[in-house]
Structures are given as C-alpha cells and as structure tokens.
2 protein chains.
Amino acid sequence: MPGATAQTLRPFLWRAQTMFPDREVVSRTHEGIHRYTYAEYADRVGQLANALSAMGVEEEDRVATFCWNHHRHFETYFAVPSMGAQLHTINPLLPDHHIQYIVENAADRVVFVDPSLFEKLAGAYDEESFASVEQFVVMGEEVPDTELENVVDYESFVGAESAEYDWPDVSEEQPAGMCYTSGTTGKPKGVEYTQQMLWAHTMATLPEAGLDLRSSDVVMPVVPMFHVNAWGMPFSTTAAGAKHVYPGPSPTPADLASLIEEEGVTLTAGVPTVWLGLLDYLEENDADISSLERIVIGGSAAPKSVIRRFDEEYDVDVVHAWGMTEMSPVGTVAHLKPGMESLSRDEQYEKQGKQGLLVPGLEMRVVGDDGENLPWNGEDFGELWVRGPWVTTEYFERPEANEEDFEDGWLKTGDVVTVDEEGYVQIVDRAKDVIKSGGEWISSVELENAIMAHDGVAEATVVGVPHQRWQERPVAFVVPAADADESTLKDELVAMVTDEFPKWWAPDEVVFIESVPKTATGKFDKKVLREEYDDESLVEGKTPEDAAPDADD
Amino acid sequence: MPGATAQTLRPFLWRAQTMFPDREVVSRTHEGIHRYTYAEYADRVGQLANALSAMGVEEEDRVATFCWNHHRHFETYFAVPSMGAQLHTINPLLPDHHIQYIVENAADRVVFVDPSLFEKLAGAYDEESFASVEQFVVMGEEVPDTELENVVDYESFVGAESAEYDWPDVSEEQPAGMCYTSGTTGKPKGVEYTQQMLWAHTMATLPEAGLDLRSSDVVMPVVPMFHVNAWGMPFSTTAAGAKHVYPGPSPTPADLASLIEEEGVTLTAGVPTVWLGLLDYLEENDADISSLERIVIGGSAAPKSVIRRFDEEYDVDVVHAWGMTEMSPVGTVAHLKPGMESLSRDEQYEKQGKQGLLVPGLEMRVVGDDGENLPWNGEDFGELWVRGPWVTTEYFERPEANEEDFEDGWLKTGDVVTVDEEGYVQIVDRAKDVIKSGGEWISSVELENAIMAHDGVAEATVVGVPHQRWQERPVAFVVPAADADESTLKDELVAMVTDEFPKWWAPDEVVFIESVPKTATGKFDKKVLREEYDDESLVEGKTPEDAAPDADD
C-alpha cells in the first residue's frame with residue numbers, strides 16, 4: 001500500500017515562514033497595535049512549544065484558551081497542535097456552569113486567558129472542575145491581582161525559551177483542536193478536530209468554491225477565535241501565505257474601520273451584527289474601506305439589505321457562508337455561478353442571500369420526515385444531512401448525543417432547508433430550537449427550564465423572534481400558575497434569568513398566554529408561536545444596548 | 001476518535017452533476033466534436049460502471065487505458081475508481097517490451113484502447129504478458145479487423161447498461177489510479193495513487209497556489225491523460241465545476257487554436273514543445289485566442305522566450321509548474337508573490353522561468369552530498385527531497401527501487417535544484433544526469449541551454465563520460481542546424497561556453513549526430529548516449545590540465 005505522509009498542520013506554517021517570511025501578522029491588543037512577520041511568528045511558536053514542554057505538556061494533552069483574536073492566541077494555534085497536543089478554545093461568553101463543565105470534561109492542563117477575561121474565568125473557577133488545570137497563562141506582560149494559584153504572564157512564560165523546537169511527526173488521527181457546541185438540550189457537546197480534519201478544511205476553504213484565499217489577501221477574522229477556530233481562517237490564511245490582521249478584544253466598528261483602512265484588509269469575516277454595526281458607523285463617519293473586497297458572513301443568515309448595501313455603497317462582495325461546529329465549520333458558500341453575471345442585481349442578491357453551494361469534498365442530503373431524500377426544487381424542505389472529511393462523526397464522550405445527531409456516518413445538522421434546482425441551500429428553520437442572537441447561541445431549553453422552576457409558572461416556552469440588529473431575541477411565553485401574582489411575575493422571571501445566565505440571555509419580553517401550543521405528540525409547538533410573533537414589534541426598542549455577547553465582558 | 005468520512009473522488013463528480021449539471025464536457029474525437037453535460041456525463045459513468053461490473057470487474061481490480069484525451073477516456077476516470085477498482089493509464093508511446101512488462105506487472109483485467117492506437121497495442125500483444133486481460137474495449141463504435149480475441153467497441157459495451165449504479169463506500173486507502181514512470185535505468189516503475197492521494201492532490205491544485213481553477217474556467221488539458229492523469233486536471237476541473245475540453249488524438253497546433261477559439265478555453269496545459277508549435281502556428285495563421293488566460297507548462301522547463309512571447313503578444317500568463325509521477329504529480333508552481341507586480345517584466349520572467357513555489361501541504365529539503373540541508377540562497381545546489389499527502393512513499397513491487405529513491409518518508413526526486421531566498425525552486429540538473437568532474441558538479445542542463453542558443457544548433461545534449469583523472473568530463477552531442485557551418489561550429493561552441501561558464505565546464509568533445517535519442521515521453525534519452533560512449537576514448541588526452549574546478553578559482 002503506497003502510504004503518503006500525513007495530513008497535518010505544521011507544513012502550512014513551515015511554508016509561510018520559509019516562503020513568505022516577511023508577510024505580516026498584525027494584532028490589536030490591550031497594549032496597542034502589535035506587528036511581526038511570519039518568520040518572527042514562527043520563532044514565537046517554537047518558544048511557546050518549548051515553554052509548554054518545559055512544564056510537562058505532552059502529546060495528546062489538552063491546552064485551553066479563553067481569549068479574543070490576537071497574535072498570542074494565534075501562536076497557540078500552531079504551537080499546541082504541532083507538538084501533538086490539542087488546542088481547546090473555550091467560549092468565554094458561556095455561563096459559568098458551562099465553563100466549569102467543559103474544563104472538567106476536557107481535562108485541560110493549561111488555560112491561556114486574556115487580561116480582560118481573567119475576572120470572568122476567575123469567577124467561573126472552582127477547585128473541582130478545574131482540578132486538571134496546572135497553569136494559567138495571562139495573555140500579556142502582567143499578572144492581575146488574583147487568588148488563583150499558578151498564574152503566570154505569557155511573556156514571562158515564553159520569554160526565555162529557545163525558538164528551535166524538535167517537532168514530532170504527528171499522526172493525522174491525533175486530535176489537534178476541540179470546541180464545544182451549545183446544543184438545544186443539556187450540556188455543551190465537545191467536538192474534536194483531528195489534524196486531518198483541520199488539514200482538509202484548510203485545503204477546502206482556500207479555493208474559489210471555499211473562501212477564495214490568495215497570497216495577496218489581507219485577512220481579518222472578526223469571528224472570534226473561540227468560535228470553531230475563527231472559521232479556520234488562522235490556518236487558511238497561513239496556508240495561503242496571506243497577511244493576518246487580528247482585531248483584538250471587543251473591537252468596535254471604529255476599530256474595524258480603522259484596521260481595514262490602515263492595514264489594507266481585503267477579506268474579513270464575522271456574524272451579521274458586526275457588519276450592521278460597521279454600516280451604521282460608516283454612515284456617520286469618514287473611513288476609507290476601499291481595500292475591502294469581500295466579507296464572509298456566517299453564524300446567522302446574512303440579511304439581503306446588508307448584501308445590497310455593501311455592494312451598492314462600498315463595492316464589497318458579501319460572501320454568505322454556512323457551517324457548524326461539527327463541520328470545522330465551513331459547509332456551504334453562496335458564490336454566484338458562471339452565467340449568473342447576467343442576472344439582475346436583485347436576482348443575484350437572492351442567490352447570495354441563500355446559504356449557498358456545498359464546498360467540494362462534502363456530500364449532502366435533504367431528508368424528509370420518512371427518511372426519504374427530498375427533491376431539489378426550492379420548495380420541499382427537510383433536514384440537511386452532511387458528511388465529509390472535515391465533518392465529525394461523533395461527540396466527545398457523549399454516546400447519547402451521538403445516537404441522536406449521527407446516522408450512518410451522516411451528521412444530522414438540525415437545520416431545515418430547501419435546495420433549489422441550482423443546488424443553493426437555504427435554511428428555512430431549525431429542527432432543534434435554539435436562538436441565535438448577535439452570532440451567539442442562546443439555549444431556549446435552558447431558559448425554559450429556569451423559568452419553569454419558578455413557583456408562579458405553570459408552563460413556559462421561549463422562542464426567538466426576529467430582531468433587526470441581533471437577528472433574534474428571546475421572548476418567553478408563560479402560562480402563570482393559578483396562584484401567581486402576575487403583577488410582579490415578569491420582573492421576577494427576568495431577574496432570575498439574569499442572575500443565572502449571561503445578561504444578554506434575558507428575554508426581551510415575557511408574554512402571558514393561556515396555554516402553550518402543543519404538537520400531536522404533546523411537545524411544545526414553537527412553530528405556532530414563531531409564526532404568530534414573526535415580526536419585530538414584540539422586541540423592538542426593548543433590547544438593551546448590551547444585549548450583544550461582546551458587550552458583556 | 002472522531003472519524004471523519006473518507007477522502008474519495010466520487011463526491012467531486014456528485015457535486016458537479018448536481019450543482020453544475022449543464023456545464024459541458026467537450027471532446028475532439030475521431031468522429032468529430034462531441035459535446036455533453038455533466039449530468040449526461042454522470043449517466044455515462046454509471047453505465048460504464050455497470051458494464052464493468054457485468055463482466056466481473058470488482059473492487060481492487062485494475063482496469064487499463066491506452067488512449068488520448070477524450071470524453072470516453074474521461075468516463076473511465078470516475079467510473080473505475082468510484083467502483084473501488086483502479087485505473088491504470090498506459091503510455092502508448094512506450095516501446096513494446098515496456099508495455100508488455102507493465103500490463104503483466106499490473107495484471108490489468110480490461111484494456112480500453114483508442115482506434116488509432118489499436119494497431120500499436122496489437123503489435124505489443126503477447127499471450128503471456130497479457131494473460132490477465134479478459135477484455136479489450138475500443139474507444140468508438142466499431143471494432144477494427146484484428147486477430148485479438150475479446151474485443152468489443154465502447155458503445156456496445158456500455159450502451160445497454162443502466163445509468164444508475166450503487167456506488168460502494170470506497171476506502172480512502174484503496175488505490176484508485178496507477179501510472180508507470182520510466183526511470184533512467186531499468187524497467188518502468190509503477191506508482192499507485194490511493195483515493196486519498198488523488199483527493200488531496202485535487203484539493204491542492206484548486207487554489208491560487210496550485211492551478212487556480214474556478215467554476216468559470218474552460219480547461220483544456222493537452223498533456224496526455226496517460227501522463228499522471230493529465231496532471232490531475234480531469235479531477236480538479238470537475239471539483240471546480242468548470243468546463244472540460246479534450247483535444248483528442250494527436251492534436252495539431254491548428255486543432256488547439258480552433259478549440260481555444262470555439263470553446264472559449266481559459267486554461268490549458270502541456271509540455272513546452274506544444275506551445276512552441278502553437279506560437280509558430282499563430283504567427284502564420286489567423287486565430288482568436290483571446291479567451292485564453294493561462295497556460296500551465298510542465299514536463300520540461302519552460303523557455304523564458306515562450307513565457308515572454310505569450311505575455312507580450314497574447315496577454316497569456318505562462319504558469320510554470322513542476323512535478324513527478326511519484327507526486328500525483330504537482331509539486332511546485334511559479335506564481336509571482338504579492339509585491340512582485342512592481343518588478344520589471346524581465347525580473348518577473350526570471351521568477352516565472354523557475355519551477356516555482358512548493359504547493360501548500362507539501363514539504364521539501366535540498367540535500368547536499370553529506371545529507372545536510374543546504375541553504376536557500378539561489379546558489380547552493382543539491383538534490384530535492386519532497387514529502388506530503390500526495391507524494392508516494394514506494395513503488396509497486398519494486399523493493400530495490402524503493403531502497404534507492406525513498407528515505408525516511410521522503411521522495412528523493414533526482415532533481416538537482418537551487419532554491420532562492422524567496423523559496424523559488426530552480427532545477428539545474430538531474431541527479432542521475434549530473435556530471436561530476438574533479439569533485440564538483442557541472443550542470444548539463446545549463447550547458448545544453450547555452451549550446452542550443454547558438455543559431456547553428458538544432459538540438460543538443462550534454463553527457464558526462466568517464467574520465468580517469470576527473471571522474472567524468474562533459475561531451476556535447478549536437479545536431480547542427482540545416483544551414484550551419486560545421487567546419488567552425490565546434491570551436492564556436494567551445495568558445496561560447498568558455499566565455500559563459502567556468503572553463504572546466506567546457507565540453508572535452510563536441511560530437512555531431514543526426515538526432516538526439518528520445519524517451520517515450522519525448523525527453524532526451526541520455527541513457528542511450530551514455531551507454532554508447534561509456535569509455536574514456538572520447539575524452540582521453542583531451543582534457544586540459546586546468547579542467548579541475550579548483551584550478552579555476
């Protein structure tokens with residue numbers, strides 16, 4: 001058997017550092033703009049690997065990050081997997097009990113944490129869940145005042161180390177990354193990314209049918225690096241030999257506009273909220289974003305108005321994409337096909353507003369209620385199933401979830417879609433109920449459980465209703481208990497939820513109803529409520545300004 | 001372990017047939033221009049798989065082709081591997097005894113053969129070598145007069161079959177392709193391509209750093225489909241959803257020009273000779289090749305004059321590439337980097353004239369005599385070693401050749417190269433053709449290029465012949481041009497070379513011959529000359545005392 005050598009990440013960095021040594025990695029940090037080259041970056045990666053080795057991190061160990069997008073976080077991206085260890089990027093926006101659960105579940109040995117997120121992490125800390133953690137490394141030059149032990153600052157951690165590291169030949173089966181996804185029910189589920197999955201995803205996102213990355217590109221991922229590896233862009237940008245720009249902690253629209261202008265960003269990526277914010281900013285402020293060619297929008301559906309405005313006002317192509325944590329994550333990209341240049345603008349926006357065409361290398365099915373494949377006619381809808389070299393086939397230590405979400409090697413995405421005659425996927429519903437707000441998931445099931453725990457509540461359900469800025473906001477539909485004091489119940493429920501969850505999880509509105517509509521099998525039928533409240537009036541003007549997850553830190 | 005699904009070829013075709021059903025596959029055949037869509041192509045692939053199944057072909061069997069570039073040959077490209085069988089493309093230009101050897105070595109069960117090549121195959125036929133072959137299928141609608149048994153025409157073979165085939169889940173380890181490489185010595189060596197190698201090669205050639213294939217492209221591989229799968233283009237063009245144009249048997253420059261014009265070819269590929277022929281044709285004939293954007297040149301070094309003429313006269317980018325049968329085959333591609341747009345045209349041609357930058361996903365070393373890694377300074381030269389997911393690590397059933405050509409998972413390419421500070425590889429010689437004189441290497445390729453630049457030379461090659469004192473000395477074998485003055489030519493050539501190179505590089509002898517012996521792939525066959533002149537008489541007493549390199553500095 002002719003055995004070709006392994007599909008691993010390290011050759012991507014090796015190529016960039018040797019063939020594009022002078023291309024830059026630019027980063028907005030707490031300390032200002034930081035700038036170095038691939039050659040210098042590669043040295044730092046070697047130093048970091050030596051530092052981790054020195055403290056005893058070995059192949060197959062897990063190393064966690066709790067960070068925004070910056071060069072130090074990027075250093076962990078190549079150092080950890082190339083040592084044969086596994087990079088576990090933690091979403092710092094999760095509620096404390098989720099953070100505790102996943103640190104314990106992953107048995108992380110080290111946690112890298114941003115200064116601005118340190119308090120959040122320290123707040124989530126408990127001895128039992130964090131028992132595996134031997135070292136906290138703060139992403140800067142100082143250690144904050146803290147009661148936590150074993151805390152060191154990043155620069156002290158790596159500073160004395162050699163840049164030379166004797167990289168092992170890592171198996172392509174070795175898990176290189178890990179990310180937890182918040183499902184609709186129960187605890188977050190871990191997805192492990194093998195070297196091979198990340199390799200294949202990188203190769204798949206480089207060509208036109210993916211994100212069309214070129215060495216001349218200047219790439220700024222606004223999507224957080226704790227969100228499925230910032231959609232793989234730190235890896236793909238390196239493979240292309242392109243320039244990186246990391247926008248750092250909580251970038252404002254002004255920060256983004258200034259980075260685009262000053263660094264000549266050609267390609268950026270993030271959830272719709274970010275781009276709505278940028279459009280608003282650009283209306284009021286002078287900024288030259290003429291270098292920008294493409295914005296990849298994912299995480300939630302890209303509103304057609306955003307696609308249109310970027311095209312008409314700024315000559316920027318919005319590239320609508322869809323994916324999942326389970327898919328490393330890119331699945332579909334809404335490029336126009338040859339021939340479609342003759343369509344009207346509106347027809348083009350129509351196509352670009354869909355989730356798009358499956359990337360080469362993947363396969364998909366649209367599955368009807370009886371398990372049959374549905375036709376691609378733009379009308380029949382069913383659940384989207386996908387499979388391929390960068391789609392996982394299981395969750396980490398969650399056999400009961402595997403049972404539910406996988407079948408015959410296919411991932412049942414939970415998204416209900418139509419596919420048109422030309423193969424463009426459009427998401428029309430979610431099979432599993434989840435609320436997406438500002439690019440982050442809110443578990444309606446967890447909110448429901450919390451609300452129903454209140455004595456004044458007979459039953460309740462939580463539904464996402466459309467919102468212009470945040471895409472969706474949660475609204476609770478509550479059947480008050482017979483003896484409930486309706487005059488105080490609403491405030492009590494919101495206070496209770498705010499106490500337990502990030503404050504942006506709190507429902508924008510609590511509506512009292514007589515009963516929750518039910519399906520034939522007795523399940524809450526949210527579709528009925530969703531249809532009834534399919535407009536913005538319910539939440540308009542009610543969402544607090546800090547409803548966005550990134551306003552929360 | 002999260003096991004992602006396999007890396008196999010079939011999803012590429014599935015995507016093209018479902019998402020680009022109307023894009024065309026156009027083919028010049030014995031019978032004229034043939035034209036159908038991906039949807040129709042996919043039906044034919046299903047029919048062919050059923051026909052092969054019906055005659056008993058099973059997973060892991062080998063199916064051979066002996067064909068030029070056309071749609072029927074392309075049908076075998078997806079049908080055979082997607083059944084789980086292995087496509088063995090035979091080079092019909094090989095001498096009979098090599099054909100016999102490889103059919104026997106591969107144990108092919110079926111051979112698909114072009115009408116125009118049938119006589120050649122029948123001439124090579126012998127009962128013993130072809131014992132495994134149960135069926136010959138002639139690529140047309142008729143069977144020629146023949147004494148061979150079990151011959152059927154392709155249309156009868158597939159015509160009655162269903163287009164539906166129950167494709168198996170093929171392992172990514174399953175060999176999908178096979179191609180023999182003619183080394184400089186001994187019998188051809190078989191290289192097997194697993195599904196995974198072809199998948200990875202396809203993904204690697206799609207992006208900018210590869211061949212930059214887009215769905216809007218119209219791709220015409222002139223490089224034969226029996227040459228390492230036409231550099232993988234039938235697969236990559238399909239993955240991109242682009243249009244295929246196959247130029248059929250023995251295309252003339254007029255055929256190529258007409259296909260470019262009529263089909264709107266944007267990207268084509270082949271060896272330099274083809275493009276020299278096209279340039280000559282275009283000088284004398286009217287043809288509109290304005291659709292053409294890029295020509296991939298490989299197989300031999302692209303002369304700078306060809307790069308320049310296509311750029312200046314036709315606004316066509318020559319994309320110089322290098323690869324090997326053992327590499328599926330693409331290894332390096334000579335794209336300009338960001339920033340190089342400000343170089344002068346000549347400086348750009350200089351870079352484009354090199355073999356280029358390694359494609360992402362591969363690794364390389366330049367290895368000196370003592371096994372050390374040589375610096376990338378554009379001067380030090382050593383043997384190029386490569387490894388990666390689409391580079392084989394062994395030959396088929398040739399342990400002794402494996403011993404010689406592989407080490408620690410690296411393929412020793414046999415090419416002697418320099419790499420410049422920017423990572424551009426340049427081949428300066430073949431390790432096996434290299435001339436070693438007084439402990440130093442003399443580049444026969446550079447000498448040949450210099451000598452061929454003389455107006456009095458039609459073609460020339462330089463070979464090292466054994467020498468008692470200096471180990472080897474160069475001898476030039478020259479085919480004089482029709483109008484050359486042979487009485488002065490030798491002296492002029494030696495003077496010219498002495499002017500340009502260290503004087504110990506000057507050939508000890510210049511021998512006039514009628515033609516340079518060539519291999520089946522059209523390369524200079526130095527082996528023949530080396531065997532013919534394998535004694536010292538040619539150079540004895542002729543080498544100057546200062547022939548040693550160290551006498552020169």
Side-chain angles (χ1 to χ4, degrees), chain A residues 1-7 10-12 14-15 18-20 23 169 172-173 175 191-194 196-197 199-200 202-204 206-210 212-217 239-243 335 337-338 357-358 360-363 376 387-396 409 422-423, chain B residues 1-7 10-12 14-15 18-20 23 169 172-173 175 191-194 196-197 199-200 202-204 206-210 212-217 239-243 335 337-338 357-358 360-363 376 387-396 409 422-423:
Chain A
M1 183 67 56
T5 48
Q7 295 177 353
R10 203 172 65 81
F12 295 136
W14 170 82
R15 181 174 184 271
T18 55
M19 297 185 200
F20 296 87
R23 292 288 275 167
D169 278 333
E172 64 193 13
E173 302 296 326
V191 176
E192 293 193 289
Y193 307 114
T194 61
Q196 180 168 58
M197 288 167 72
W199 189 92
T202 302
M203 294 305 265
L206 288 177
E208 180 209 23
D212 200 7
L213 267 167
R214 313 177 78 78
S215 57
S216 57
D217 273 318
K243 173 177 166 180
H335 292 292
K337 290 187 196 178
L357 298 171
L358 206 67
L362 297 181
E363 293 171 284
W376 294 11
R387 66 175 184 180
W390 57 95
V391 181
T392 194
T393 54
E394 65 178 32
Y395 294 113
F396 178 64
E422 281 149 323
Chain B
M1 182 66 56
T5 49
Q7 296 177 351
R10 203 171 65 81
F12 295 135
W14 171 81
R15 181 175 185 271
T18 54
M19 298 185 198
F20 296 86
R23 292 287 276 167
D169 278 335
E172 63 193 12
E173 302 295 325
V191 176
E192 294 193 288
Y193 306 114
T194 62
Q196 180 168 58
M197 288 168 72
W199 189 92
T202 302
M203 295 305 264
L206 288 178
E208 181 209 23
D212 200 8
L213 268 167
R214 311 177 79 80
S215 58
S216 57
D217 272 317
K243 173 176 166 181
H335 293 292
K337 288 188 196 176
L357 298 171
L358 207 67
L362 296 183
E363 292 172 285
W376 295 11
R387 65 175 185 181
W390 56 95
V391 181
T392 194
T393 54
E394 65 178 32
Y395 294 112
F396 177 65
E422 280 149 324

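Protein chains get the first letters and strands the later ones, always in sequence-line order, with residue 1 at the start of each.
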- line: Heavy-atom nearest pair, Met203(B) first then Pro360(A), reads CE-O, 3.4 Å

- prompt: If you look at every heavy atom in Ala6(B) and Pro389(A), which pair is closest and at what distance?
  reply: O-CG, 3.7 Å

From [atom1] ([X]) to [atom2] ([Y]), nearest 0.5 Å:
X	Y	atom1	atom2	value
Gln7(A)	Gln196(B)	CD	CD	4.5 Å
Met19(B)	Leu358(A)	CE	CG	4.5 Å
Asp212(A)	Asp212(B)	CG	CG	7.5 Å
Arg387(A)	Asp169(B)	CZ	CG	5.0 Å
Glu208(B)	Ser216(A)	CD	OG	6.0 Å

- request: Assign the ring pair Trp14(A) / Trp376(B) to parallel, tilted or perpendicular, where the plane angle (0 to 90°) is split at 30° and 60°.
  value: perpendicular

message: Just to verify, what does Phe20(A) make a ring pair (Phe, Tyr, Trp, His ring centres under 6.0 Å) with, not counting sequence neighbours?
response: none

statement: Bottom line for Arg15(B): the part with an atom under 4.5 Å from chain A's heavy atoms is side chain

field: Interchain contact, Glu422(B) with chain A, by part (heavy-atom threshold 4.5 Å)
entry: backbone

statement: Applying a strict 4.5 Å limit to non-hydrogen atoms, the region of Glu363(A) in contact with chain B is both

query: chain B: which of Pro11(A), Gly210(A), Gly423(A) shares the most heavy-atom pairs with it under 4.5 Å?
result: Pro11(A)

- line: Highest number of heavy-atom pairs under 4.5 Å with chain A among Ser215(B), Gly361(B), Ala209(B), Ala239(B) belongs to Ser215(B)

message: In the structure I gave you, are the side-chain heavy atoms of Lys243(B) and Pro338(A) within less than 4.5 Å of one another anywhere?
response: no

